A.B. asks: 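Let me give you the structure first, and then I'll get to my questions.
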Amino acid sequence: MGRIIGTIGKGLGVALLFLVVALCLAITIIPPFLDRIYYRGPASGHYDGAHFFNPDGEFRIEAPPGTSRQGFIARWLLRQDDRPEWPDAIAVKPARPAPFAAPRGMSATWVGHATVLVQAAGLNILTDPIWSDYASPFPPLGPRRVAQPGIRFEDLPKVDLVVISHNHYDHLDIPTLKRLWDRDRPKIVTSLGNDTILKAAGIPATALDWGRSVSGAQLNGLPDQSVVQCGNYEHCPDYRVHVTRNHHWGSRWMTDRNRALWSSFVIETRAGNIFFAGDTGAGDMAWPAEAARFGPIRLALIPIGAFRFWKGQMKSDSHIGPEQAVQIFGKLDASTAIPIHWGTFRLSYEKWDTPPRMLELFLRCEGIARARFAPLRIGQSIQVPAWSPVPREGKRCDRRAIAALE
């Protein structure tokens, strides 16, 4: 009987392996029809006339040392990659935010992953909103949410502005954006090409290149330099969105790779500047300073997760880890930061709580008080303090503790 079961098990394993090989071949052979052209325009320092690219070095997908990319992908598909276990579900106490913030006030609520509700000077701003249970074109296949959104959609105040960093499914979620558009008609700002994907779903958006900006007045049909006057500043379009460089890539269907641009953002408001890093690797690490040129950053939203694809890896080309996040915080000269892009969708190989634990250790290495860049619980809100310089005192770098998390 055991021999029969073993034979059946081997047969299923072989069948699954052939399925994986067939899938890989299909991805290579079939998909020209899945390619999409989202943007046409003149060539530039990061666009060759057909595809966007990182001017600070092309994006690389690296396999673990001693393995091939093909073997790495096969083990990942077969779940034979020895990744640490994640919890099936995380308890969340959803927030019920106020309708809006005071004219000089700023608060932020972590909804989960890269989604943050920032309320500043009467504006309600959402970053890369996703309320869906799966970050995938084919749910229930793909990454599943282990923590419910930190704000119930029905408790979400009227949204004025949405920024979308790039077109991966965990950042550009059409079902969520459709619900937001139907309910609130928010202004949506993204980078080149992503507006095509949104407009195909009936969602208008403004797409800009790196280094370009748009004012709230323009988004509301007024001349760029219009003086916007509002009584109590509730939902007042007195803001400017700058689309800024980061280091990443884009795709919805594999073969449409880099047909649309990725970006970070600086949002200028009456209450102060907000920086949203989007999804990013380290690249040349010069891009944070480019964002800092727009003035003091009161709040920065910086990713810390999905950086590990094998044991001991501290960063990948597509995602920064906690060490780089602390460096970026310093280069931005930001006053307060919230770590994002961890603990919601399992996208890589670190444990669920490795990113925040490692972040705290690297903050100590730089002598930065934890309160300046403290992990939040999903659903937790903070009142963002006014900008102030970040002192660096008492550096204590526990390399043994860091190594224990590797």
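Just so it is clear, the model here is predicted, and its values are computed rather than measured.
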A.B. asks: With a 3.5 Å distance limit and no angle check, can you tell me whether Asn54 reaches the backbone of His248 through a side-chain donor-acceptor pair?
C.D. replies: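 A pair under 3.5 Å: yes.
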
A.B. asks: When you compare the side chains of Ser264 and Thr244, does any donor N or O come within less than 3.5 Å of an acceptor on the partner?
C.D. replies: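 On atom types as modelled, these side chains qualify, holding a pair under 3.5 Å.
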
A.B. asks: Output, in order, the C-alpha distance, side-chain angles, deciding distance and verdict of side-chain hydrogen bond (donor to acceptor under 3.5 Å, both in side chains) for Asn194 and His166.
C.D. replies: CA-CA 7 Å; Asn194 298 306; His166 66 299; over 6 Å; no

A.B. asks: Among pairs that include at least one residue of residues 361-376, which meet salt bridge (charged side-chain N to carboxylate O under 4.0 Å, His left out), considering only residues two or more places apart or in two chains?
C.D. replies: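 Sorted result for residues 361-376: Glu360-Arg364, Glu360-Arg370, Glu366-Arg392.
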
A.B. asks: Would you list the atom pairs, donor with acceptor, under 3.5 Å between side chains in residues 195-209 and any protein atom, with sequence neighbours excluded?
C.D. replies:
unit_1: Asp195; atom_1: OD1; unit_2: Gly193; atom_2: N; d: 3.3
unit_1: Thr196; atom_1: OG1; unit_2: Tyr38; atom_2: O; d: 2.6
unit_1: Asp209; atom_1: OD1; unit_2: His46; atom_2: NE2; d: 2.6

A.B. asks: Here's one to test your reading of the geometry: is the NZ or CZ of Arg257 within 45 degrees of the ring axis of Trp249 and under 6.0 Å from its centre?
C.D. replies: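 Ring-cation test returns yes.
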
A.B. asks: For the pair His319 and Phe307, evaluate ring pair (Phe, Tyr, Trp, His ring centres under 6.0 Å) and give the outcome as yes or no after the intermediate values.
C.D. replies: CA-CA 5 Å; His319 295 141; Phe307 65 93; 9.3 Å; no

A.B. asks: Taking the six-membered ring of Phe275 (Phe, Tyr or Trp), confirm whether the NZ or CZ of Arg298 is under 6.0 Å from its centre and within 45° of its axis.
C.D. replies: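 No, Arg298 and Phe275 do not form such a contact.
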
A.B. asks: Taking the inter-plane angle between the rings of Phe373 and Phe329 on a 0 to 90° scale, is it parallel (under 30°), tilted (30 to 60°) or perpendicular (over 60°)?
C.D. replies: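 Because their plane-to-plane angle lies in the 30° to 60° range, the rings of Phe373 and Phe329 count as tilted.
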
A.B. asks: Please identify each residue that fulfils side chain to side chain contact (heavy atoms under 4.5 Å, CB included) with Phe53, with sequence neighbours left out.
C.D. replies: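 By the side chain to side chain contact (heavy atoms under 4.5 Å, CB included) rule, Phe53 matches Asp48, Glu58.
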
A.B. asks: Identify, with sequence neighbours excluded, every residue that meets ring-ring contact (aromatic ring centres under 6.0 Å, His included) alongside Trp110.
C.D. replies: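 Per chain and number, Trp110 pairs via ring-ring contact (aromatic ring centres under 6.0 Å, His included) with Trp342.
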
A.B. asks: Taking only residues two or more places apart in sequence or in another chain, which ones pass ring-ring contact (aromatic ring centres under 6.0 Å, His included) with Tyr39?
C.D. replies: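 By the ring-ring contact (aromatic ring centres under 6.0 Å, His included) rule, Tyr39 matches Tyr47, Phe52.
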
A.B. asks: For Lys158, is the NZ atom crowded, meaning more than 12 foreign heavy atoms sit under 6.0 Å from it?
C.D. replies: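 Atom NZ in Lys158 is packed in, count exceeds 12.
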
A.B. asks: For residues 123-138, pull every pair meeting side-chain hydrogen bond (donor to acceptor under 3.5 Å, both in side chains), keeping only residues two or more places apart or in separate chains.
C.D. replies: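 Non-adjacent pairs meeting side-chain hydrogen bond (donor to acceptor under 3.5 Å, both in side chains): Gln119-Asn124, Asp128-Ser165, Asp128-His171, Ser132-Asp173.
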
A.B. asks: Provide the closest heavy-atom pair for Glu350 versus Trp86 in the form atom of the first, atom of the second, distance.
C.D. replies: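 So the minimum-distance heavy-atom pair works out to O-NE1, 3.0 Å.
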
A.B. asks: Between Ala291 and Ile297, which heavy-atom pair has the shortest distance, and what is it?
C.D. replies: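 Answer, listing the atom of Ala291 first, then Ile297: O-CD1, 4.4 Å.
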
